[in-house]
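These notes concern the structure reproduced below.
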Amino acid sequence: LAIMSAELQWQIVRKNNRFLNKNLCGFQEQIDTHPLNLSGKNSFSASGLVNNQAIGVSAGAKSGVVLTTKRPSKARNPKSITAQVKLFRGARPTSAAIRAQTAGNYYRADLVNVAMAKASAILRSQRGKKFKASTAKGRKTRSMASMIEAKVWHKEE
């Protein structure tokens, strides 16, 4: 089994592949939905389909983030070509782990900022919104509200 270069693979799949969403309204922009494509751009540098080294960030099953990296040494075995790491401790440990797994390990340092931005967006979406109960402001308003709740105040007509 001969393996082609990444550049040759890109020339073959850049216009037609399973993960390419073409806009039918006439716009030239095409979106790549491959799991190892962080930015969604249909370009050689962002493509996780043809590059030997690629990074993917996705949401975990319950919470947290899953960092997926492509292992060049397993190129001939498609089943085990990706390695997944579950990161669920919080925002700062997650960003530190992403930085350590990529740029700290000399692995696609150009994708570190994009991966950290995507991970922080996922973590932000998993946080619950805190709703603050609206309270009546002012001394007279609070006392009047407490009187109404206690059913002490009656409006006489």
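These numbers come from a predicted model, not from an experiment.
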Item checked: Note, H34 side chain near S47 side chain (heavy atom, < 4.5 Å) -> no
Next item on the list: Can you measure from OG (S5) to CG (N52) and round to the nearest 0.5 angstrom?
Entry: 9.5 Å
Item checked: Considering all heavy atoms, the nearest M4-Q9 contact -> O-NE2, 3.4 Å
Note to self: For the backbone of K41 and the side chain of N37, can you confirm whether one donor and one acceptor N or O come within less than 3.5 Å of each other?
What the structure shows: yes
Check: Considering residues, nucleotides and ligands other than E29, do more than 12 of their heavy atoms fall under 6.0 Å from its CD?
Finding: no
Checklist line | Separation of N21 CG from T33 OG1 (nearest 0.5 Å) | finding: 5.0 Å
Check: What distance separates W10 CH2 from S45 OG, expressed to the nearest 0.5 Å?
Finding: 8.5 Å
Note to self: Checking one residue: I31. Which other hydrophobic residues are in its cluster under the side-chain 4.5 Å linking rule?
What the structure shows: none
Next item on the list: Could you tell me whether a side-chain N or O of T102 sits under 3.5 Å from a main-chain N or O of A109, the two making a donor and an acceptor?
Entry: no
Notebook entry, point to check: Taking everything shown except F19 itself, do over 12 heavy atoms lie less than 6.0 Å from its CZ?
Noted result: yes
Notebook entry, point to check: Quick one: NZ on K22 to NZ on K15, what's the gap to the nearest 0.5 Å?
Noted result: 8.5 Å
Next item on the list: Please confirm whether the backbone N or O of R14 pairs with a side-chain atom of N42, one donor and one acceptor, at under 3.5 Å?
Entry: yes
Checklist line | Point-to-point distance, once rounded to the nearest 0.5 Å, from CD of Q126 to CZ of R124 | finding: 11.5 Å
Margin query: Ignoring hydrogens, what is the shortest heavy-atom contact between S80 and R71? Give both atom names and the distance.
Written below: O-NH2, 2.7 Å
Next item on the list: Please lay out, stage by stage, how V13 and V50 fare under the test side chain to side chain contact (heavy atoms under 4.5 Å, CB included).
Entry: CA-CA 9 Å; V13 301; V50 297; 3.7 Å; yes
Note to self: Does any part of the side chain of T69, heavy atoms only, come nearer than 4.5 Å to the side chain of T82, both counted from C-beta?
What the structure shows: no
Notebook entry, point to check: Quick one: does K70's side chain get under 4.5 Å of Q53's, heavy atoms only?
Noted result: no
Next item on the list: For A119 and T94, work out which heavy atoms get closest and say how close.
Entry: CB-CG2, 4.4 Å
Next item on the list: Hydrophobic side-chain clustering at under 4.5 Å (ILVMFWY, transitive links): who's grouped with Y107? Put none if nobody.
Entry: L38, I55, V57, V65, L67, V85, L87, I98, L111, V112, V114, M116, I122, L123
Check: Quick one: does N51's side chain have a donor or acceptor within less than 3.5 Å of a partner on F44's backbone?
Finding: yes
Check: Taking C-beta and beyond as the side chain, do S58 and K118 meet within less than 4.5 Å on heavy atoms?
Finding: no
